[in-house]
Amino acid sequence: MTELTPREIVRELDRFIIGQDDAKRAVAVALRNRYRRAQLPEDIREEVTPKNILMIGPTGVGKTEIARRLAKLVDAPFVKVEATKFTEVGYVGRDVESIIRDLVEASIRLVKGQHAERVRIRAQANVEDRLVELLTQTAKRKPANPIDILLGNKPRQPEPSPEEKSALAVRQGDVRERLRRGELEHELVEVEVEERTPQPEIPGMDMNMNDVLGNILPKKTKLRKVEVREARKIIQAEEEQNLIDMDQVYTEAIERAEQHGIVFLDEIDKVAGRGGGHSGPDVSREGVQRDILPIVEGSTVNTKYGPVKTDHVLFIAAGAFHVSKVSDLIPELQGRFPVRVDLKPLTVEDYKRILTQPENALIRQYQLLLGVDGVSLEFGEDALSLIAEYAWQANESSENIGARRLHTLMERILSDIAFNAGGGDAPEISVQVNAEYVKAQLSGDMHRMDVKKYIL
């Protein structure tokens with residue numbers, strides 16, 4: 001768990017997200033409370049449940065990004081699901097318990113990656129030994145016996161003579177030196193890899209046939225001829241897998257999911273009834289809420305890795321609530337989201353800051369992308385102000401898609417530059433984007449937006 005204070009958490013979120021201070025404060029406190037809970041005596045620790053958060057605001061203002069950055073900040077298992085993917089039991093759709101199964105899978109990937117880091121040095125030494133062996137293999141491979149394949153046994157190779165062993169040792173030493181110098185990266189070697197076949201999806205089920213059958217059937221393998229640089233990645237993954245104690249990974253992953261898991265329920269407003277209606281689609285929407293309720297309240301979900309308790313999983317729900325209201329959710333579900341945060345619509349100044357301030361700012365992304373083709377891209381202050389103004393006007397006069405509108409405008413503005421850039425003999429050029437260029441590229445779009453206001 002992180003030991004960051006709420007102020008430090010907000011400061012980290014500010015690196016990527018513009019505005020929405022209230023939402024940042026709410027998630028920062030929720031995150032700090034997890035650390036505080038971990039310091040409590042064990043008898044009271046189980047009684048302290050997370051205070052789930054409901055974010056209310058239009059699309060594109062940062063709801064999803066806040067939750068995603070929060071999970072990265074604490075290195076916690078995180079899963080984002082859309083409430084509209086679920087239907088009540090008996091209808092075609094995903095089972096709500098798959099949320100927790102997905103969370104456990106995310107936790108396993110996270111923990112497995114951390115365990116892989118710990119054994120990476122040992123695995124790299126084993127990889128080098130195996131590559132040397134593959135590059136110096138002189139004896140012909142003995143054809144595999146079908147019985148051995150069925151039993152998973154490897155065919156026995158002929159034993160070399162003492163003279164051959166001595167010559168092989170000298171050759172292996174030479175190959176090892178060349179391998180370390182990177183001289184053999186493009187040499188071809190034969191590696192044994194697991195044969196993967198697409199598994200059919202069964203409607204209404206969240207597990208494929210491999211999950212159902214488990215390890216009953218032996219895994220099929222095949223030989224592939226690949227370059228040493230690719231073989232190194234394949235063998236590295238195998239060696240790390242062999243060195244990792246998967247039982248320990250599963251145990252730690254389940255605990256991590258139970259104690260530190262974060263579930264982001266997007267579009268929660270889409271499963272809210274409209275105006276308290278109790279017929280037609282509203283019945284199905286209420287059914288989805290009642291199915292979600294036990295997971296949020298705290299229950300035990302059976303997964304293929306063992307039972308998982310959801311009592312201490314942090315749930316962050318989000319919705320625009322344009323058509324429905326929060327009060328349209330069933331009272332039991334409303335009560336499970338005690339912290340409610342209203343996210344504000346973005347202003348012209350916010351759009352301008354989004355273009356330039358975050359570490360993953362749009363302007364910087366396009367500068368790096370076009371820099372690959374030798375284009376040095378610069379934006380004038382007047383151009384940035386105009387793009388922000390256009391983004392705000394477009395969202396006000398048509399569908400409000402928030403900061404995503406900037407992606408649309410930037411693609412339109414830079415389409416000609418991006419199309420003409422590139423080529424082996426193209427010289428490096430510097431392009432200055434000013435307000436006049438932005439107007440020329442966006443004039444058609446803005447005219448259509450102005451006309452749309454008068455169409456009934």
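Within 6.0 Å of atom CD in Glu133, 12 or fewer heavy atoms from other residues, nucleotides or ligands are found, so the atom counts as exposed in its surroundings. Applying the 6.0 Å contact sphere to CZ of Arg364 captures no more than 12 heavy atoms from other residues, nucleotides or ligands. For Arg25, the CZ atom is loosely surrounded, since the number of other residues' heavy atoms within 6.0 Å does not exceed 12. Other residues, nucleotides and ligands contribute at most 12 non-hydrogen atoms within 6.0 Å of the CD atom of Glu255. Residue Arg45 places its CZ atom among more than 12 non-hydrogen atoms of other residues, nucleotides or ligands, all under 6.0 Å distant.
Judged purely by atom type and a 3.5 angstrom limit, Ser324 uses its side chain to pair as donor or acceptor with the backbone of Asp269. Of the possible polar contacts, none joining the Thr300 side chain to the Pro307 backbone as a donor-acceptor pair under 3.5 Å is found. A donor-acceptor contact shorter than 3.5 Å links the side chain of Gln334 to the backbone of Leu329. A donor-acceptor pair under 3.5 Å is formed between the side chain of Gln365 and the backbone N or O of Asn360. Panel note: side chain Arg34, backbone His260; a donor-acceptor pair is recorded below 3.5 Å. Looking at Asn126, its side chain never comes within 3.5 Å of a backbone N or O of Glu239 through a donor-acceptor pair. Proximity of a side-chain donor or acceptor of Arg256 to a complementary backbone N or O of Ser107 within less than 3.5 Å is not detected. Side-chain N or O atoms of Gln20 include one that pairs as donor or acceptor with a backbone N or O of Lys344 at under 3.5 Å. Side-chain atoms of Lys63 come within 3.5 Å of backbone N or O of Pro58 as a donor-acceptor pair. Looking only at distances, a side-chain donor or acceptor of Glu8 sits under 3.5 Å from a matching main-chain atom of Thr5.
Shown here for Ala253 and Val111, the closest heavy-atom pair between the two residues is CA-CG2, 3.9 Å. In terms of heavy-atom proximity, Leu370 sits nearest to Ala418 at CD2-CA, 3.9 Å. Of all heavy-atom pairs between Asp291 and Val96, the closest is O-CG2, 3.4 Å. Nearest heavy atom pair, residue Phe78 against residue Ala67, reads CE1-O, 3.7 Å. Taking every heavy atom of both residues into account, Gly402 and Leu346 meet most closely at C-CD1, 4.2 Å. For the residue pair Lys352 and Thr356, the shortest heavy atom distance occurs at O-OG1, 3.3 Å.
In this structure, the side chains of Asp22 and Asp342 stay at 4.5 Å or more apart for every pair of heavy atoms. No side-chain heavy atom of His312 sits under 4.5 Å from any side-chain heavy atom of Glu258. Using a 4.5 Å heavy-atom threshold, the side chains of Arg232 and Glu128 count as separate. Counting heavy atoms from C-beta on, the side chains of Thr59 and Asn400 never come closer than 4.5 Å. In this structure, the side chains of Leu223 and Val191 stay at 4.5 Å or more apart for every pair of heavy atoms. With a 4.5 Å cut-off on side-chain heavy atoms, Arg336 and Phe315 do not count as touching. Side-chain contact between Ile292 and Val288 is present, with at least one heavy-atom pair separated by less than 4.5 Å. Contact of the Ile354 side chain with the Leu362 side chain is not registered, since no non-hydrogen atoms from C-beta on lie closer than 4.5 Å.
A salt bridge does not link Glu230 to Lys233: none of the charged nitrogens lies less than 4.0 Å from a carboxylate oxygen.
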Subject >> Arg405 and Asn395: CA distance, side-chain angles, deciding distance, side-chain hydrogen bond (donor to acceptor under 3.5 Å, both in side chains) verdict >> reply: CA-CA 7 Å; Arg405 181 72 66 181; Asn395 282 334; 3.0 Å; yes

Subject >> Verdict with reasoning, Leu54 to Ile56, per side-chain contact (heavy atoms from CB on, under 4.5 Å) >> reply: CA-CA 6 Å; Leu54 177 61; Ile56 306 166; 4.2 Å; yes

**OP:** Please assess Leu4 against Arg32 for the test side-chain contact (heavy atoms from CB on, under 4.5 Å), listing each intermediate value before the final yes or no.
**Re:** CA-CA 7 Å; Leu4 294 174; Arg32 181 64 179 183; 5.7 Å; no

**OP:** Evaluate the side-chain contact (heavy atoms from CB on, under 4.5 Å) criterion for residues Phe337 and Ile53: first the C-alpha distance (whole Å), next the side-chain angles of each, then the deciding distance (0.1 Å), finally the verdict.
**Re:** CA-CA 5 Å; Phe337 290 91; Ile53 301 169; 5.8 Å; no

**OP:** Assess whether salt bridge (Lys or Arg N to Asp or Glu O under 4.0 Å) is satisfied between Lys225 and Glu190, documenting all intermediate values.
**Re:** CA-CA 5 Å; Lys225 272 194 173 183; Glu190 274 191 342; 5.0 Å; no

**OP:** With salt bridge (Lys or Arg N to Asp or Glu O under 4.0 Å) as the test, would you mind laying out the steps for Arg69 and Glu65 before giving the verdict?
**Re:** CA-CA 6 Å; Arg69 293 292 173 185; Glu65 189 67 11; 2.8 Å; yes

Subject >> Stepwise side-chain contact (heavy atoms from CB on, under 4.5 Å) test for Lys80 and Arg68 >> reply: CA-CA 8 Å; Lys80 174 186 178 292; Arg68 193 166 63 87; over 6 Å; no

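Of the inter-residue distances, the one linking Asp350 atom CG with Leu355 atom CG reads 11.0 Å to the nearest 0.5 angstrom. Atoms CD and CG, on Gln393 and Leu442 in that order, are 10.5 Å from each other to the nearest 0.5 Å. One finds the CG atom of Leu384 at 14.0 Å from the CZ atom of Arg353 (value rounded to the nearest 0.5 Å). Put simply, CD on Gln289 and CG on Asp328 are 9.0 Å apart, with the number rounded to the nearest 0.5 Å. Once rounded to the nearest 0.5 Å, the distance linking CD1 of Ile268 with CD1 of Ile316 reads 13.0 Å. Interatomic distance, Glu185 CD to Leu131 CG, rounded to the nearest 0.5 Å: 8.5 Å.
Taking the ring-ring contact (aromatic ring centres under 6.0 Å, His included) definition, one finds that Tyr250 meets it with Tyr305, sequence neighbours left out. Shown here are the salt bridge (charged side-chain N to carboxylate O under 4.0 Å, His left out) partners of Lys112, two or more places apart in sequence or in another chain: there are none. Applying the ring-ring contact (aromatic ring centres under 6.0 Å, His included) test to Phe321 and every residue at least two apart in sequence or in another chain returns nothing.
Side-chain contact, Gln248 with His115: no donor N or O sits under 3.5 Å from an acceptor N or O.
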